[in-house]
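Report on the following structure.
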Amino acid sequence: MQGGSDRYAGKLMDDDLTALVVVDARERMEKAVEHAQAEFSAIRTGRATPALVEHLKVDYYGTETELRAMAGFSVPEARLLVISPYDKSSLGAIEKAIQNSDLGINPSNDGSVIRLSFPVPTEERRKELVKVVKQKSEDGRVTVRNLRRAARHELDALQKDGDLSSDEIERVEEDLDKITQAQVAAIDRLLAHKEQELLEI
């Protein structure tokens with residue numbers, strides 16, 4: 001009787017190990033999709049959005065501080081972003097950080113808020129940005145596929161140790177493939193949305 005329960009406990013542990021491999025791979029893939037989304041949101045489309053500046057580092061009394069911790073944002077018009085610092089004495093530091101960034105926009109500071117006016121990008125510039133976005137989405141897909149490959153190596157190791165049967169491996173690999181396809185599809189949807197944003201005037 002004891003032997004049977006030991007075998008049962010061993011089986012549970014093997015299932016736990018495979019579940020851990022799959023859950024870990026899914027979490028890492030989701031992070032890769034989130035990373036791609038963050039990369040996309042930092043690409044300027046001509047529309048004003050806080051995502052373009054909220055992670056900007058500002059030298060605030062000698063400390064590198066993200067702009068989103070120092071100011072509120074509003075978008076009164078499609079191409080106008082207004083930054084309202086919580087501490088008015090930080091206006092100069094925020095303005096300097098924006099000027100030194102690769103945003104390519106000259107901030108307008110009226111002593112209480114900073115306004116960023118986004119010009120309509122040229123057609124040539126939009127096409128360049130589409131190429132950049134496509135490359136970033138491909139990087140995201142490659143990361144997701146590499147994570148699937150790493151998870152499969154872990155499963156192969158479990159099979160070599162005799163912990164998994166080939167049927168179990170096949171079932172878990174099917175799960176992994178479904179998760180991978182779902183994450184790649186999520187990146188494709190983000191890409192399609194960003195392309196549309198970039199190409200509309």
query = Quick one: do the Asp139 and Gln135 side chains pair a donor with an acceptor below 3.5 Å?
reply = yes

key: Partner residues of His193 under the side-chain hydrogen bond (donor to acceptor under 3.5 Å, both in side chains) criterion, sequence neighbours left out   = Glu197

ask   = Under 4.5 Å between any side-chain heavy atoms of Glu168 and Gln159, yes or no?
value = no

Tabulate below the donor-acceptor pairs under 3.5 Å that side-chain atoms of residues 50-60 make, not counting sequence neighbours, or state none.
unit_1: His55; atom_1: ND1; unit_2: Glu66; atom_2: OE1; d: 3.4
unit_1: His55; atom_1: ND1; unit_2: Glu66; atom_2: OE2; d: 3.4
unit_1: Asp59; atom_1: OD1; unit_2: Gly62; atom_2: N; d: 3.0
unit_1: Tyr60; atom_1: OH; unit_2: Asp87; atom_2: OD2; d: 2.6

request  = Please tell me if the side chains of Ile98 and Ile83 come closer than 4.5 Å, counting only heavy atoms from C-beta onward.
outcome  = yes

message = Under the salt bridge (Lys or Arg N to Asp or Glu O under 4.0 Å) definition, can you give me all pairs with a residue in residues 108-120, not counting sequence neighbours?
response = Asp110-Arg115

ask   = With a 4.0 Å cut-off, would you call Arg28 and Asp24 a salt bridge?
value = yes

ask   = So if you build clusters from Ile, Leu, Val, Met, Phe, Trp, Tyr with side-chain heavy-atom gaps below 4.5 Å, do Val132 and Phe40 land together?
value = yes

note = Tightest non-hydrogen contact, residues Pro85 and Ser112, listed as CD-O, 3.5 Å

task = Show your working on side-chain contact (heavy atoms from CB on, under 4.5 Å) between Lys136 and Lys194 and close with a plain yes or no.
result = CA-CA 11 Å; Lys136 286 184 186 298; Lys194 191 66 181 185; over 6 Å; no

key: Validation row: Phe118, Leu81 side chains within 4.5 angstrom (heavy atoms)   = yes

key: Verdict with reasoning, Arg149 to Asp156, per salt bridge (charged side-chain N to carboxylate O under 4.0 Å, His left out)   = CA-CA 10 Å; Arg149 193 173 304 124; Asp156 289 344; over 6 Å; no

ask   = If you round to the nearest 0.5 Å, how far is CD1 of Ile179 from CZ of Arg148?
value = 11.5 Å

Distance, nearest 0.5 Å, that separates CG of Asp175 from CD of Glu170 = 11.5 Å

inquiry  = Once side-chain contact (heavy atoms from CB on, under 4.5 Å) is applied, do any residues pair with Glu30, and if so which ones, sequence neighbours excluded?
reply    = Arg26, Gln183

message = Within the structure provided, determine whether Val82 and Val75 are in side-chain contact (heavy-atom separation under 4.5 Å).
response = no

message = Would you compute the distance between atom CD of Glu124 and atom CG of Leu129 and round it to the nearest 0.5 angstrom?
response = 11.0 Å

inquiry  = Would you say that Leu80 contacts Leu116 through its side chain, given a criterion of any heavy-atom pair below 4.5 Å between the two side chains?
reply    = no

query = Got a second to check how far Ile94's CD1 is from Asn109's CG, nearest 0.5 Å?
reply = 9.0 Å

query = Side-chain contact, heavy-atom cut-off 4.5 Å: Val130 with Leu199?
reply = yes

key: Minimum heavy-atom distance between Val33 and Ala186, given as atom pair plus value   = CG1-CB, 4.1 Å

inquiry  = Please determine whether side-chain contact (heavy atoms from CB on, under 4.5 Å) holds for the pair Val133 and Leu190, giving the CA-CA distance in whole Å, both sets of side-chain angles, and the decisive distance to 0.1 Å.
reply    = CA-CA 10 Å; Val133 170; Leu190 290 170; over 6 Å; no

note = Smallest heavy-atom separation, Pro119 atom then Arg79 atom, equals O-NH1, 4.5 Å

task = For residues Leu91 and Val113, report the shortest heavy-atom separation together with the two atoms involved.
result = CD2-C, 4.1 Å

request  = Evaluate salt bridge (charged side-chain N to carboxylate O under 4.0 Å, His left out) for Lys131 paired with Glu128, printing each intermediate quantity in order.
outcome  = CA-CA 5 Å; Lys131 279 184 197 159; Glu128 277 172 32; over 6 Å; no

message = If I compare all heavy atoms of Leu155 with all of Glu173, which pair ends up nearest, and what's the gap?
response = CD1-CG, 4.2 Å

task = Let me see the working for Thr122 and Arg125 under side-chain contact (heavy atoms from CB on, under 4.5 Å), right down to the final yes or no.
result = CA-CA 5 Å; Thr122 63; Arg125 176 69 179 143; 3.2 Å; yes

inquiry  = Quick check: closest heavy atoms across Ile114 and Glu95, and the distance to 0.1 Å?
reply    = CD1-N, 3.8 Å

task = Identify, with sequence neighbours excluded, every residue that meets salt bridge (Lys or Arg N to Asp or Glu O under 4.0 Å) alongside Glu123.
result = Lys127

inquiry  = Membership question, hydrophobic clusters at under 4.5 Å side-chain separation (ILVMFWY): are Leu67 and Tyr61 in the same one?
reply    = yes

query = Just wondering, are more than 12 heavy atoms of other shown residues or ligands nearer than 6.0 Å to CD in Glu39?
reply = yes

key: Those residues that, when tested against Arg141, pass side-chain contact (heavy atoms from CB on, under 4.5 Å) (two or more places apart)   = Ser137, Glu138, Arg145, Val184, Ile187, Asp188, Leu191

